[in-house]
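One structure is given here, and the rest of the page talks about it.
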Amino acid sequence: MQKKKSTHSDLPSPPKEYSFFKDVHEVVRQIPKGRVSSYGAIARYLGTGLSARMVGWAMNAAHNTSPPVPAHRVVNRNGMLTGKAHFTPPSLMEALLKKEKVIVKEDKIIDFEKLFWDPIIELSL
DNA sequence: AGCCTGACTTTGT
DNA sequence: GACAAAGCCAGGC
């Protein structure tokens, strides 16, 4: 069954936008409190794999996504708060992480590997 | 329809 | 070990 494309009359409201952004938001939302994840890990889980950049890009949309995405729990592979500059205010990311009992020093997460939450592993259980 | 950008990651010098 | 460049994919203009 094939659906005929009309001009613009039907489809009063798009049910869902097909964006891998949404997938990223969803995964990030799964991140437990007090845990952190990396762009690359999420990217691999989504299948994008080689393009961790897109994960960060998706975060840009996260500001308009609901429920809000805890982007502050997502850092780069080094455990550094690379995306903190995109928060409002930038110090918000560090503040939120500290609130989660996550130790942040010099924009870097202490014991990052211990707090690291890998969706590939955790969601694969 | 094509070019540029981007919150990363990996590899090579 | 530090720095530089390339690879990657999708969205915005």
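Note that this is a predicted model, so its numbers are computed, not measured. Lettering of chains follows the sequences in order, A, B, ..., and the numbering in each one begins at 1.
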Whole-Å gap separating [atom2] ([N]) and [atom1] ([X]):
X	N	atom1	atom2	result
A:Ile120	B:dT9	CD1	P	12 Å
A:Arg44	C:dC8	CZ	P	16 Å
A:Lys22	C:dC9	NZ	C1'	20 Å
A:Phe20	C:dG12	CZ	P	11 Å
A:Trp57	B:dC8	CH2	C1'	12 Å
A:Phe21	B:dA7	CZ	P	12 Å
A:Asn78	C:dG1	CG	P	14 Å
A:Tyr39	B:dA7	OH	C1'	4 Å

Closest to the [X] side chain, choosing from [options]:
X	options	result
A:Asn60	C:dA10, B:dA7, B:dT10	B:dA7
A:Met59	B:dC8, C:dG11, B:dA7	B:dA7
A:Thr82	B:dT9, B:dC8, C:dA10	B:dC8
A:Ser51	C:dC9, C:dA10, B:dA7	C:dC9

What's [X] touching, base or sugar-phosphate or nothing? Going by heavy atoms closer than 4.0 Å.
X	result
A:Ala58	nothing
A:Phe87	base
A:His72	nothing

For A:Met59 versus A:His25, what's the shortest heavy-atom pair and its separation?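 Residues A:Met59 and A:His25, closest heavy atoms: N-NE2, 4.5 Å.
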
What are the two closest non-hydrogen atoms of A:Phe20 and A:Ala58, and how far apart are they?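 Distance-wise, the nearest heavy atoms are CE2-CB, 4.5 Å.
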
Find out whether A:Val75 and A:Met93 are in side-chain contact, i.e. whether some heavy atom of one side chain is under 4.5 Å from a heavy atom of the other.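 Touching, per the 4.5 Å side-chain cut-off.
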
Less than 4.5 Å apart, any side-chain heavy atom of A:Glu122 and any of A:Gln30?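 Not touching, per the 4.5 Å side-chain cut-off.
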
On the six-membered ring of A:Phe116, is A:Arg77 placed so that its NZ or CZ lies under 6.0 angstrom from the centre and within 45° of the ring axis?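 Flagged: A:Arg77 positioned over aromatic ring of A:Phe116.
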
